[in-house]
Each structure stands twice: as structure tokens, then as C-alpha cells.
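The structure under discussion appears below in the form of C-alpha cells.
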Amino acid sequence: MILTMLAVFLGHVLLGLPLFIALLTTALVGFLFVDPSMIPRMMPQQFFGGINVFSLMAIPLFILAGNLMNVSGLTERLMGLARLLVGHFRGGMGHVNVVSSVFFAGVNGSAVADTSALGSLLVPAMEREGYSRAFAAGLTAGSSLIGPIIPPSIFMILYASLTNTSVGDLFLAGVIPGLLLGMAFMGMNAWYAWRNDLPKRGKLPSGKELGLAAVAALPALVAPFIIVAGIVMGFVTPTESGALTALYVAMCGIVLGGLRLTQFWLAIVDTARLTSAIFLIMAASATISWLLSYAQVPAQFVTLLSPYIDNSFLILLMLSGITFVTGMFMEEVSALMLLTPIIAPVAMMAGVDPIHLGIIITLNITIALITPPMGACVFVAAAVSKLEIVSLFRTIWPFVLTAIAVLLLLILFPSLTLWLPNVLG
């Protein structure tokens, strides 16, 4: 049954059909194997049930907040602060790229949105500073992986809904790994700048300049604290936090004069378009997930890995490998929705903390955004940098390996993810 479903799914993807149709057709084939009489009753029920979760409403609200930041000019204020903080170092624009991704991650939670928003501005600026266009595009795609790790995170919200894990604890657990990922990419950029003898541009900013830039960026910098503090302290749910953040960003845009009615409408349209695509994939993936659970596939998977169940490190490595390879060939939301119900029981039996597992799965799925052949961030980076996609896929591997090194570090040292939730959660 599993092999037939996989063949049907891959066949539909190769034919270029929309992903949710490929997933639904795959589910239909699976039901034919299990019990055809369940099709009219269970498929619609599971399709709707997969998205009938209140906490998932946070996803369009956080996406809207990120879109409003872009159209209201708040993103440029964050980039201005990043430029003053690190732009005077050798390879400064590369550092600005990474730091801007860290700042932007605190509101949006989407790697693709990060690549699109920052790439069109930073890739040409890096090229003018002496970077090759391929490295500039690769660093933009690579640093965008910080977006789903630093809270808020769309992937973490999905994982929490599937495993009944605290969204607040997951958000706290993502802070240190996200910063580690940023430091790793900044180190990679510093090495590139030293090797290619890139000149230093600009001078060390004065305290006054830094103060003015910080004040200008303060409205955008406050948003992540609204998100995390509100959820962790129990004042709001993730959905309410998303609504408050979107309202706050909109009010900042209006007060500062950067947000007009036409821009507001465009942000809503972009949010609706992206949310519709995500929710259709989620609903179709939930149908397959239920079917696999009904067919006892997770139990069979547990039995398969039972000889290694006493070694949590080895289990996490094996599960990471499965997730990584799956993410390379499947859209990330559907991969997360399909794999989590299968992987989570195995990890729990091995004694892996569900918060730690959530960060490991999230980072695995996120890395797939820059791996061929389905890496969405690479496609966006290629488009904004006007590079051939095949050429960019050839040069993306150092960034993939850097992210994998951070992943291995998190697997080896769970305290890097669990320390902050234990202290503040």
C-alpha cells in the first residue's frame, strides 16, 4: 500500500499537478486499499478536521504581520539598524544580510517571505561590495532558514497542533538554535570575506547614530517581545498573539506614515493567497496522516526501529535523516504533517523530550527549503538575483552543510534547546 501511494504521489508531482490534489489522490488510493466504503465518510471529515484547529489561525495572522512590515517600511528600518551594527566589518553587507534575517524572523516566521523581502535589496548591495552573485543569493537563502527557528514559527505551530506540545515552550526553545544558526552563517560570511579580501566599507558608527537607528527600528523590534512574552506569560494564546501583532504592526505603519490603504489591501491579498495554499496542503496531508494511523503504519515504524530505541542520539540521527530526505522531495508543510505522527511516538519511546524533538524536526524541514530539487527559498533567491536555478543549486551545498552542522550540535546537546524553556517556560 505504502509503495503504491508513494508512486501515485510522485507521479502526480512530476505531472505538475497542484500539490494538494496530488496528496488527495494519494489518500484516495490509500483508502481503496484499506476500505473503499470509508471514502465518502472519512475523507471529507478528515480533510476539514485537519484545519479545524483554533491554534492554526495564528498562521495567517503572523504572515499578515510580516507582509505589513514589508509594505509599511518597517523592514527597511530593521535593515538600517543591522547595517549600522555590522556593516562596518569586512564583508559587512553579508553580515547585514544575516542580522536582518534574525530581526525579520521575530515577526514573520516564514523563510520564503524572508528570502523574498530581503533578497531583492541585499543581493545587489552585496554584489556591489564585491561578492559573487551566487554567494550573495546563497547566503540570502541560507540565512532565511533562521525565520522558522526564531519565534514565531509556522512549522512550530503545526508541530504543536499535532503533538499537543506547548507553543510557548517551542518558541522559547527556538531562540538559541536560531541565534546559533545566525552565528554560523556570519562565520561563513567572514571566512568568504577574508578569503576574497573584500574591503571594509563605512566607519564605526557613533553612539548617536546607533541610538537614532535603534529608535527608528524600535517599533519593529518590539513585535517579537509581544509575541513571545504574551504567550509564555499566559496572557494570550498563539492566535491572539498573532492578531495583536498584526494590529500592532498595522498601527505602527499608519502612525509612521508608511502604510496606505492600497498597500494594506495588497498585504491582505498576499496573506490570503499564501494561507490558502498552506491550509489546502495541511488539510490534504491530514487526510493521509489519519489513514496511515488507521493502517497502523506508526506502530510498524516503531517496531522497525525498536532495536535502537535505547539510544536516543542514534534514534534522533535516524529520524533526522528520514525527515531530511523526505523534505528534499516533498513540500515542507506536507512533509511535517505526514512525518510528525509517525516520528513522534518513536522519539518519545526513546526518551526524547517533545520540545527538543520539535526543534530538531523544524530545523530538518527548514533545511529542506534550500536543498534540491524542491528548495523553495533557492527558487526565490534565484528569481530575485536573476541566476539560473541549476547554477544556484550547485553552489548552495556549503550553506546546507553549515545548517546541518548546527543541527548535529543541537542533537548532541539538548540543553541548547531546553535551557530557555526550563528557565522561563
Side-chain angles (χ1 to χ4, degrees), residues 1-10 13 19 22-23 26-27 30 111 145 148-149 153 155-156 158-160 162-163 165 170 177 281-282 284-286 288-293 295-376 397 400-401 403-412 414 417:
M1 180 186 84
I2 298 297
L3 292 178
T4 304
M5 291 174 65
L6 182 61
V8 170
F9 174 76
L10 292 176
V13 169
L19 187 58
L23 289 167
T26 304
L145 302 186
I149 307 302
S153 167
F155 292 158
M156 289 183 194
L158 291 175
Y159 173 85
L162 292 169
T163 59
T165 308
L170 281 169
I281 293 169
M282 285 167 49
S285 300
I288 297 181
S289 296
W290 181 88
L291 177 64
L292 294 177
S293 178
Q296 300 295 311
V297 172
Q300 296 172 27
F301 190 64
V302 170
T303 303
L304 183 65
L305 295 183
S306 58
Y308 316 100
I309 211 71
D310 293 331
N311 190 330
S312 60
F313 173 73
L314 184 58
I315 285 290
L316 275 180
L317 281 181
M318 295 171 68
L319 296 181
S320 294
I322 293 169
T323 307
F324 180 77
V325 173
T326 304
M328 289 179 66
F329 297 97
M330 185 179 289
E331 194 277 333
E332 286 69 32
V333 172
S334 56
L336 181 67
M337 295 286 292
L338 289 174
L339 289 177
T340 300
I342 298 173
I343 285 175
V346 179
M348 303 309 166
M349 288 185 66
V352 178
D353 189 286
I355 301 297
H356 185 212
L357 177 66
I359 301 302
I360 297 302
I361 290 180
T362 299
L363 184 51
N364 264 295
I365 292 292
T366 302
I367 295 173
L369 288 166
I370 61 170
T371 56
M374 299 280 289
W397 289 106
V400 175
L401 293 175
I404 290 176
V406 174
L407 174 65
L408 291 175
L409 192 65
L410 297 178
I411 292 175
L412 276 170
T417 60

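Keep in mind the model is a prediction, meaning the values are calculated, not measured. Reckoned from all heavy atoms, side chains included, excluding hydrogens, waters and symmetry mates. Residue numbers start at 1 and run along the sequence shown.
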Donor-acceptor pair, distance only, cut-off 3.5 Å: does the side chain of [X] make one with the backbone of [Y]?
X      : Y      : result
Ser289 : Met337 : yes
Ser153 : Pro148 : yes
Ser320 : Leu316 : yes

For a quick test of reading the model, state the closest non-hydrogen atom pair linking [X] to [Y] and the distance between them.
X      : Y      : answer
Pro177 : Thr417 : CG-CG2, 3.7 Å
Thr340 : Thr163 : CG2-CG2, 3.6 Å
Gly327 : Glu332 : O-OE2, 3.8 Å
Asp353 : Ile355 : OD1-N, 2.8 Å
Leu410 : His356 : O-NE2, 3.0 Å
Ile322 : Thr326 : O-OG1, 2.7 Å

(message) Nearest 0.5 angstrom please: Ile411 CD1 to Phe313 CZ, how far?
(response) 6.5 Å
(message) Any heavy-atom pair between the side chains of Ile361 and Leu336 that's under 4.5 Å?
(response) yes
(request) Would you mind reporting whether Tyr159 and Pro354 have side-chain heavy atoms less than 4.5 Å apart? (result) yes
(message) Leu291 vs Met5, test: side-chain contact (heavy atoms from CB on, under 4.5 Å). Steps then yes/no.
(response) CA-CA 11 Å; Leu291 177 64; Met5 291 174 65; 4.1 Å; yes
(request) Assess whether side-chain contact (heavy atoms from CB on, under 4.5 Å) is satisfied between Leu357 and Ile343, documenting all intermediate values. (result) CA-CA 9 Å; Leu357 177 66; Ile343 285 175; 4.3 Å; yes
(message) So if I apply the side-chain contact (heavy atoms from CB on, under 4.5 Å) rule between Thr362 and each of Thr366, Ile365, Ile360, which one comes out positive?
(response) Thr366
(request) Identify which one of Ile404, Leu407, Leu145 satisfies the side-chain contact (heavy atoms from CB on, under 4.5 Å) criterion when paired with Leu363. (result) Leu407
(request) Determine whether more than 12 heavy atoms belonging to other residues, nucleotides or ligands lie under 6.0 Å from atom CE of Met349. (result) no
(message) Walk me through whether Val400 and Phe324 qualify under side-chain contact (heavy atoms from CB on, under 4.5 Å).
(response) CA-CA 11 Å; Val400 175; Phe324 180 77; 4.2 Å; yes
